[in-house]
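Heads up: the structure comes next, in structure tokens.
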Amino acid sequence: MIPSHASVSAFSLQALRAARPVLWMRPDNAATGAGVAFTLADVQAAHDRFARFAPLLAQLFPELEAAAGVIESPLREAAAMQQALGLPAASGRLWIKADHALPVAGSIKARGGIHEVLEFTEKLALAHGLVAPGDDYRKLGTPAARACFAQYQVAVGSTGNLGLSIGVIASALGFRAAVHMSADAKEWKKARLRARGVEVVEHPGDYEKAVAAGRRQVQADAHGYFVDDERSASLFLGYAAAALRLRAQIAQAGIVVDAEHPLFVYLPCGVGGAPGGIAFGLSLLYGAHAHCFFAEPVQSPCFLLRMMAGHGQLPGVPVPPSVYDIGLTNQTEADGLAVPRASDLAYAAVGQSLAGVYTVADDTLYGDLARLHDSEGLRIEPSAAAGFSGPRQLLGSQAGQQWLRRRGLLPHLARATHLAWTTGGLYVPAEEYDRFLSRGQRLAAAPQAPTDAPSLHHSRRA
Ligand SMILES: *Cc1c(COP(=O)(O)O)cnc(C)c1O
């Protein structure tokens, strides 16, 4: 049986409105309002920018010394978690892309957030003659360079993790940094930022309100730079660069990705920038052989709504839709994913290529957080557990089975790779993590709720 508290059902709008877990597969017909925005050269440029800054980053962050300034996470097989999830070997192998352990930011936001601050830094440095193209960027750690950066303010609006990433890198480079946080941001994240000299501005409303307030404040500052989570190309390309690194890791691990060895990637989604950048990069590299799924909380399925609207499946709801428009609350313990409306930029980039979107109940996130701890010894935050519902939803639901059959993938499942992207957790304080864990262990031990889905074992067809 599938160890799930969720009733894993085929897609229905009624279930979505009732905040029950659903799996939605993208129809084959073209969506409206989508269109690709970037090229492989753009993704490569972001990758190369990280490389230029690596020597400086190694100097600024002792935790990056051993990796020579490269901010990266391991790709690891997760056989024990696969067993804990009840995912049979005949359905493929489970792997984890361990971004929960990304140094400096402690979450996937290290990729996009740090890239954008580096791009801004590079532009300033070239404009002020602090470096010339081809120079050693360690020059940007000198007092003269830092004095220049101190004239500028870098600001961002955030539920927490993006703020952590931007605040930490901006203050390390010598910028003034301000993070506008929503009411759902965790106290420890605010404390961590303040300890680094970052100004934390608290807003009573949700994520969208914090972003709007930050944007307004920075517009009034001639030396202000605002990192716009909802519209930034630089953030998006920083995330997309992960695909190039992952491709090398996949090759090194001996994993084959082709028509007979499908790659399924399960990405926790907030505004859509991080999973969108990665899915975009993977589709450039692997084309139709990479099948990317976004995972959202049952109360915050903003990207799912955007996809449905693009296919004309949300009549009567304004476009772009928000989760409030269908009566949901945007209340979730998955604070990294508590976003009411999707990024247009991310939708434009991946709306036509994404395989599907599914939703996850908070209890399921906690259960999987505990399963991952008990099976693999990994410590993640609740948002980062959303990927683990992917195989359960894809293999255990009617919608998933029908899609696999339609795409001719059933005969290849035994050779498939299921990649759950764990997106945050490294810096969660021990007491906070212990609360997550005991809640998850209680849930994992509780009697299983009945499920209306077929058992995973029925999909043993390969
Ligand atoms: C931000 C975040 C995501 C999703 O990124 P978006 O760009 O908002 O879609 C996923 N997991 C964690 C832990 C995050 O902090």
Side-chain angles (χ1 to χ4, degrees), residues 73 97-102 104-116 156-168 179 181-182 184-186 189 206-208 210-211 227-240 242 265-281 292-297 300-304 306-307 323 330 332-347 349-350 354 357 360 365 368-369 378-390 420-428 433 436:
S73 76
K97 178 58 179 161
D99 271 10
H100 67 280
L102 274 182
V104 178
S107 80
I108 196 167
K109 300 295 194 306
R111 301 184 181 279
I114 291 177
H115 176 259
E116 177 149 4
V156 66
S158 169
T159 54
N161 283 340
L162 184 63
L164 273 187
S165 153
I166 302 285
V168 168
V179 176
M181 284 194 158
S182 47
D184 49 3
K186 296 265 162 40
K189 293 183 181 174
D206 70 2
Y207 159 85
E208 274 189 333
V211 172
V227 176
D228 194 327
D229 196 13
E230 293 167 325
R231 302 172 198 173
S232 163
S234 184
L235 266 184
F236 187 85
L237 291 169
Y239 291 122
V265 187
Y266 308 103
L267 295 151
C269 174
V271 71
I278 290 166
F280 178 75
C292 291
F293 295 83
F294 287 5
E296 302 189 298
S300 307
C302 65
F303 211 90
L304 171 51
R306 189 68 193 84
M307 292 291 286
V323 302
N330 194 32
T332 169
E333 304 282 330
D335 55 342
L337 314 182
V339 175
R341 201 186 315 267
S343 150
D344 273 338
L345 182 135
Y347 174 69
V350 298
L354 208 59
V357 187
V360 190
L365 297 177
D368 285 343
L369 176 149
L378 300 182
R379 297 161 72 92
I380 62 171
E381 62 184 87
S383 298
F388 294 107
S389 283
W421 211 288
T422 52
T423 48
L426 181 62
Y427 299 126
V428 173
Y433 182 78
F436 295 161

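Just so you know, these numbers come straight off a predicted model, no measurement behind them. Atoms within each ligand, like the ligands themselves, are counted from 1 in listed order.
- Between Val271 and ligand 1, an N or O atom pair is found at a separation short of 3.5 Å.
- Heavy-atom proximity to atom 2 (C) of ligand 1, evaluated over Lys109, Glu381, His100, is greatest for Lys109.
- On a distance-only criterion, Ser107 and ligand 1 share no N/O pair closer than 3.5 Å.
- Residues Leu365 and Glu333 fail the side-chain proximity criterion, which asks for heavy atoms closer than 4.5 Å.
- Nearest-residue assignment for atom 9 (O) of ligand 1 (options Gly272, Ala274, Gly424, Gly425; heavy-atom criterion): Gly272.
- Annotation: cation-pi pair Arg111/Tyr239 absent, no NZ/CZ under 6.0 Å from the ring centroid and within 45° of its normal.
- The N/O atoms of Pro275, backbone and side chain alike, include none that comes under 3.5 Å of an N/O atom in ligand 1.
- Counting heavy atoms under 4.0 Å from ligand 1, residue Val339 does not touch it at all.
- Leu162 is listed as a side-chain neighbour of Lys109, based on a closest heavy-atom distance under 4.5 Å.
- The proximity of Asn161 to ligand 1, defined as any non-hydrogen pair under 4.0 Å, is limited to the side chain.
- Looking only at atom types and distance, the side chain of Ser107 has no donor-acceptor partner in the side chain of His100 under 3.5 Å away.
- No side-chain donor-acceptor contact under 3.5 Å links Thr423 and Asp99.
- Annotation: Gly270 places an N or O atom under 3.5 Å from an N or O atom of ligand 1; distance criterion only.
- By the 3.5 Å distance cut-off applied to N or O atoms, Pro268 is not counted among the residues near ligand 1.
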